[in-house]
Protein chains: 2
Amino acid sequence: MSNGKRQAMSAANWIRAGYDAFHDGGVDAIAVERVAKRLSATKGSFYWHFKDRESLVRAVLELWRAETEEIIDQLAAITEPRERLLRLFELVTSQIPTDRSEIDLLARGDQPAVAAVLEDVSRRRITFMSAAFREAGLRPVDADDAAVQAYALWIGLLQLQVNLPGTVPAGKDRDRFLRSTRELLGQLIPAP
Amino acid sequence: MSNGKRQAMSAANWIRAGYDAFHDGGVDAIAVERVAKRLSATKGSFYWHFKDRESLVRAVLELWRAETEEIIDQLAAITEPRERLLRLFELVTSQIPTDRSEIDLLARGDQPAVAAVLEDVSRRRITFMSAAFREAGLRPVDADDAAVQAYALWIGLLQLQVNLPGTVPAGKDRDRFLRSTRELLGQLIPAP
DNA sequence: ACCTGAACACCGTTCAAGT
DNA sequence: ACCTGAACACCGTTCAAGT
């Protein structure tokens, strides 16, 4: 358990530098040569600590996963399922005007390292919503459907936000749009 | 207007080969070196006909744009706006289980050549829907919102379909899911 | 007018050779 | 144990030189 200081340090250094690169330039920026330059190290050094680029991407995205887990933990504390869903919809719709990293990950979903963590996180979110819909009174299959539809609308809006700026209203129209979107999502929740 | 046969032929050859590559392997497959190999030509030859890779991508995606235009033309023939929207929802939801190229384009939206055509096509679709919602009785701002929400749900589902196979129900659950999705979209249409 | 071939700057990956 | 440096196979782009 105790450690010779250099060795463990170094792998963590590469991951930290990769995480910074990810936030600056997305998944593509987690590039061996560029990260090596950032650290004033050589590519050869990298391949001592990691099998390949994919391992580094995987390690960096593990950090991202941990961040998203916290949000679910907070929501889980709300016991009333309708309230929990409405709070969730409020949370994610208000994030829509800002979040970019999420879409970058969706766009790189063809890379296995990205696909792995993306699948995990998405299924986690969908399962979480489905459970709430069930608690709120939907039959299991309908709860699953509703969760998938809500999630699709969510990431679809993120996608439009990033890819087609101007389609998702900003400024003074923003509030009206987000309210109306929450209403649409609210249609998925059965009446008490 | 009339032509020396080699010259015009050659540029068109590159575009056709690029279009094939696009269908086989997505936007990334429109790569100068690989397409050159396909044609048994050199990269140098390519740069005689095109300024850069981006010009080729642009030319290839023009073909894709033309294909999507046809669908809108068909729907425009339906005069009753509610019927037109329902038919559209039916059309796009039934495509969800198969379409991949659309998502590949969304994923490469960071490339200017892709962004350009993607924006055009998307705005065209959203405008088309918004007009129908307005004809069906919504106020202009609400019609715009509804169109954006419908489109977001659509591409969100495409995204899940491709990135997270298994979340969008297939097989015997497929029909129930698509029906319920059409119902949710139908909520956006005002009562007659 | 059209094309070849080599060069250059980027990637990822490997590996002998050094410390 | 850890790293360097050079090599290789891919990219895109440029350009002198050929026909």
Side-chain angles (χ1 to χ4, degrees), chain A residues 1-22 24-61 104 107-108 110-116, chain B residues 1-22 24-61 104 107-108 110-116:
Chain A
M1 292 295 124
S2 102
N3 55 341
K5 54 215 143 351
R6 289 293 309 293
Q7 180 174 351
M9 263 295 282
S10 255
N13 276 346
W14 282 101
I15 296 172
R16 237 176 280 128
Y19 189 74
D20 292 346
F22 170 57
D24 291 356
V27 175
D28 287 351
I30 313 178
V32 180
E33 191 157 299
R34 261 178 281 172
V35 177
K37 189 167 283 174
R38 222 178 244 261
L39 290 172
S40 307
T42 61
K43 296 193 274 180
S45 162
F46 172 81
Y47 282 93
W48 172 259
H49 295 286
F50 296 86
K51 188 182 161 291
D52 50 20
R53 173 182 181 266
E54 194 177 317
S55 320
L56 177 61
V57 174
R58 240 173 246 277
V60 168
L61 295 188
D104 188 68
R108 311 302 155 186
D110 47 350
Q111 298 175 35
V114 177
Chain B
M1 296 294 126
S2 102
N3 54 341
K5 56 216 139 354
R6 290 294 309 291
Q7 181 173 350
M9 264 295 283
S10 253
N13 276 346
W14 282 100
I15 295 172
R16 238 177 278 128
Y19 188 73
D20 292 346
F22 169 57
D24 290 356
V27 175
D28 288 350
I30 312 176
V32 180
E33 191 158 296
R34 262 178 282 173
V35 177
K37 189 166 285 174
R38 222 179 244 260
L39 290 172
S40 309
T42 61
K43 296 193 275 182
S45 163
F46 172 81
Y47 283 94
W48 172 259
H49 296 285
F50 297 87
K51 189 181 158 289
D52 49 20
R53 174 183 179 265
E54 191 176 321
S55 321
L56 178 60
V57 174
R58 239 173 247 277
V60 168
L61 295 187
D104 189 69
R108 310 302 154 186
D110 47 349
Q111 296 174 38
V114 177

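From a predicted model like this one, the values you see are computed outputs, not experimental measurements. Proteins get letters first, then strands, A, B, ... in listed order; numbering begins at 1 in each. Below, all heavy atoms of this structure are taken into account, side chains as well, without hydrogens, waters or symmetry copies.
Rounded to whole angstrom, the span from the CG atom of B:Asp28 across to the C1' atom of C:dC11 amounts to 14 Å. The distance between atom CG of B:Leu39 and atom P of C:dC2, rounded to the nearest whole Å, is 16 Å. Distance B:Lys37 NZ to C:dC3 P: 19 Å, rounded to the nearest Å. In this structure, A:Leu56 atom CG and C:dC11 atom P are separated by 14 Å, rounded to whole Å. Distance B:Phe50 CZ to D:dT14 P: 15 Å, rounded to the nearest Å. Computed from coordinates, the B:Glu33 CD to D:dT14 P distance equals 16 Å when rounded to whole Å. Rounded to whole angstrom, the span from the CG atom of A:Asp52 across to the P atom of D:dC10 amounts to 18 Å. In this structure, A:Arg34 atom CZ and C:dA9 atom P are separated by 17 Å, rounded to whole Å.
Ring-plane geometry between A:Phe46 and A:Phe50 is classed as parallel, the angle between the planes falling under 30 degrees on a 0 to 90 degree scale with a further cut at 60.
Residue B:Glu33 holds its CD atom at 11.0 Å from OG1 of B:Thr42, rounded to the nearest 0.5 Å.
When atom types are taken as modelled, the side chain of B:Arg108 and the backbone of B:Gly26 share no donor-acceptor pair closer than 3.5 angstrom.
Put simply, B:Ser10 has a side-chain N or O that comes within less than 4.0 Å of OP1 or OP2 on C:dC3. B:His49 has no side-chain polar atom (N or O) that falls below the 4.0 Å cut-off from OP1 or OP2 of C:dA1. OP1 and OP2 of C:dT13 both lie 4.0 Å or more from every side-chain N or O belonging to A:Arg53. The shortest distance between the side-chain N/O atoms of A:Tyr47 and the OP1/OP2 oxygens of C:dT14 is not below 4.0 Å.
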Pairing string, 5' to 3', for DNA chain C - Watson-Crick or wobble contacts under 3.5 Å, brackets [ ] where pairs cross, | to another strand: ||.|||||...|||||.||

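Taking atom P in both D:dA6 and C:dC8, the straight-line distance is 16 Å, to the nearest Å. Using P as the reference atom, D:dA7 and C:dA7 are 15 Å apart when rounded to the nearest Å.
Residues B:Gln111 and B:Asp28 form a side-chain contact, since some pair of their non-hydrogen atoms from C-beta on lies under 4.5 Å apart. A heavy-atom distance below 4.5 Å is found between the side chains of A:Val114 and A:Val27. Using a 4.5 Å heavy-atom cutoff, the side chains of B:Tyr47 and B:Val32 are in contact. Between A:Ser10 and A:Trp48 there is no side-chain heavy-atom pair separated by less than 4.5 Å. For the pair A:Leu61 and A:Phe22, the minimum side-chain heavy-atom distance is below 4.5 Å.
A salt bridge links A:Arg38 with A:Asp24: the closest approach of a Lys/Arg side-chain nitrogen to an acidic carboxylate oxygen falls below 4.0 angstrom. With respect to the salt-bridge test (charged N to carboxylate O, under 4.0 angstrom), the residues B:Asp52 and B:Arg58 do not qualify.
The nucleotide whose nearest atom lies closest to any side-chain atom of B:Trp48 is, among C:dC2, D:dT13, D:dG12, C:dC2.
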Using the 3.5 Å cut-off, write out each protein N or O paired with an N or O of nucleotides 4-8 of chain C and the distance between them.
{"residue": "C:dT4", "atom": "OP2", "partner": "B:Thr42", "partner atom": "N", "Å": "3.3"}
{"residue": "C:dT4", "atom": "OP2", "partner": "B:Thr42", "partner atom": "OG1", "Å": "2.4"}

